[in-house]
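Structure, as structure tokens:
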Amino acid sequence: MGTQPRVQRRLGGNRATLFVYAMEGLENMAFVANAVSLVTYFFGYMNFSLTKSATTLTNFMGTAFLLALVGGLISDTYLSRFKTCVLFACMELLGYGILTVQARFHQLRPIPCKDLATTQMSQCEAATGGHAAILYTGLYLVALGTGGIKAALPALGADQFDEKDPKEATQLSSFFNWFLFSLTIGAIIGVTFIVWIGVNLGWDWSFIVCTLTILFAIVFICMGNSLYRNNVPKGSPLVRIIQVFVAAFRNRKLLIPDNTDELHEIHEKQGGDYYEIIKSTDQFRFLDRAAIARSSTGARTTSGPWRLCTVTQVEETKILVRMLPIILSTIFMNTCLAQLQTFTIQQSTTMDTNLGGFKVPGPSVPVIPLLFMFVLIPLYDRVFVPLARRITGIPTGIRHLQRIGIGLVLSAVSMAVAGFVETRRKSVAIQHNMVDSTEPLPISVFWLGFQYAIFGAADMFTLIGLLEFFYAESSAGMKSLGTAISWSSVAFGYFTSTVVVEVVNKVSGGWLASNNLNRDNLNYFYWLLSVLSVVNFGFYLVCASWYRYKTVENEQGDSKDNVDMAKV
């Protein structure tokens, strides 16, 4: 019994996370390559219209991030995070396999319109029936697989560090930075190498490479199995949360005691796993009624879990409720991100894409922010964080909510800069009488690098800030669900993007109604997004100032107070 902690301490650490980094890099390599180029596959090979191609891609991306919630629930409820990663990676592998077979054999897809003669255009039909069924089956197996991995993999890596140990708490902060670094490297290779394969060798070869990368990802994550600290599923967090609301409603007529020590809590350590006890907070006091033991003639009586919950269970529910405004205030940033992946790509098609005699493919333009992130992440982790740590004494350098806030400010700046760059691009078109020309304008595509670079920095702060925040603040029984909720911000950002564009078009009288960017008012749209981002940041400040960080006791009763209140 006495040697158990020493055996456990040999597990985990930086050595174990190397396999996590490898899986994330490989998986994201395939996912991002398709995210930036699938629209051309839908249009050129499935004969979808441009509108349907864009909508199909947006729905696929949004669904992939939203399905992270499914992976998070399964990981916290039934399987360890390692098993969840392997299970969902196998689903993604199957999905890419189906897409590969369909791209390889022309009998499984419609005849591409571009391959038909003018007299045969009547045979140009979009994928329907069995062809569409094969496409959507493969596509959404990939979405389900990548969603489950996005929920479980960051939590698996973070589990390899003990946040109660000062040294490992510092390493935990670095893990999230290097997790983003591995994600970035994979994305860079995806939008260059895999996109090049799809353009020059065909989509079947592109999907074959994606299938192989997922296969290698599974191999790598399995190689580290003997090194991992694996979580023990603690039952469904959703059931525990619903129990709190039901018990609080049933006990609604009971008076809430002034002394929180009178509320029900189990202080015994259960099983061999670390038992986390969360201290009561003064927010949402009505939920505390769920932890009031009903008394009969002055004596306490025991009740079932739908009538009596522990303080920790109540606080677990409060944490989730407190997190919702934070995640809502970050959705708009991801709506801005969606514009950079659509309108900015369209801008690039009107600009000079030559780089030293090499023509940069349109879908590879997003490599610009990725390259900036490739440089910025090591600087942030090795230079900024140590300096900030000396000043603040916080292992992460700055608090999670402060990091998210910096990213939101930078996203507003990025949209403002995007408006000025678009104004410059349009002025070049007017000066050279090329407003209605289909030829590339004499302005380098790398002007877009300014907005991309700033947004890349914003993504570095906000994306990892959210992942780290939700992992740290979630209770021990809902770590995977917490990271999944952080990804849902990206999902809703994609889903709301189309709505924002349509609303702005109607209200403005058609800023983006033309198929000619030189006659549209995209610069006004970018500036509107910048102003709305500032308003959104104000909402975020209110939410962050109101948020109360959790306070944890271990089984010996020692208190671990993260911080009383976020100060951004």
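Predicted, not measured: the structure shown is a model, and the values here were computed from it.
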Pair S411, S533: side-chain N/O donor-acceptor within cut-off below 3.5 Å | no

Is a side-chain donor or acceptor of T17 paired with a backbone partner of V20 at a separation under 3.5 angstrom?
-> no

Aromatic ring proximity Y21/F175, centre distance under 6.0 Å | yes

Check whether any side-chain N or O of E473 sits under 3.5 Å from a backbone N or O of G482 as a donor-acceptor pair, and report yes or no.
-> no

Give a yes or no answer on whether the side chain of T330 reaches the backbone of I327 with a donor-acceptor pair at less than 3.5 Å.
-> yes

In terms of ring plane angle, is the pair F384 and Y380 parallel, tilted or perpendicular, where the classes change at 30° and 60°?
-> parallel

Measure up the F537 and Y540 rings against each other and bin them: parallel (under 30°), tilted (30 to 60°), perpendicular (over 60°).
-> parallel

Given side chains that start at C-beta, do those of F539 and S329 come closer than 4.5 Å, heavy atoms only?
-> yes

Do N230 and L156 have side chains that get closer than 4.5 Å, going by heavy atoms?
-> yes

Look at D159 together with K479 and state whether they make a salt bridge at an N to O cut-off of under 4.0 Å.
-> no

Salt bridge between R403 and E468, side-chain N to carboxylate O under 4.0 Å?
-> yes

What do you reckon, is CZ of F446 surrounded by more than 12 foreign heavy atoms closer than 6.0 Å?
-> yes

Report yes or no: does N28 contribute a side-chain atom to a donor-acceptor pair with the main-chain N or O of L183 at less than 3.5 Å?
-> yes

Determine, stepwise, if the pair F179 / L153 fulfils side-chain contact (heavy atoms from CB on, under 4.5 Å).
-> CA-CA 10 Å; F179 182 84; L153 192 61; 4.2 Å; yes

Main-chain N/O of R229 paired to Q160 side chain as donor or acceptor, under 3.5 Å | yes

Check: L180 main-chain N/O paired with T184 side-chain donor or acceptor under 3.5 Å = yes

Taking the six-membered ring of W447, is the NZ or CZ of R424 close enough (under 6.0 Å from the centre) and on axis enough (within 45°)?
-> yes

Exceeds 12 heavy-atom contacts within 6.0 angstrom, atom OH of Y41 | yes

Does the ring center of F181 lie less than 6.0 Å from the ring center of F374?
-> yes

Heavy-atom donor-acceptor pair, K150 side chain to F65 backbone, under 3.5 Å | no

What distance separates I188 CD1 from I368 CD1, expressed to the nearest 0.5 Å?
-> 12.0 Å

Is the count of non-hydrogen atoms from other residues, nucleotides or ligands lying under 6.0 Å from Y524 atom OH greater than 12?
-> no

With no hydrogens and no angle check, is any side-chain donor or acceptor of S474 less than 3.5 Å from a backbone partner on Y471?
-> no

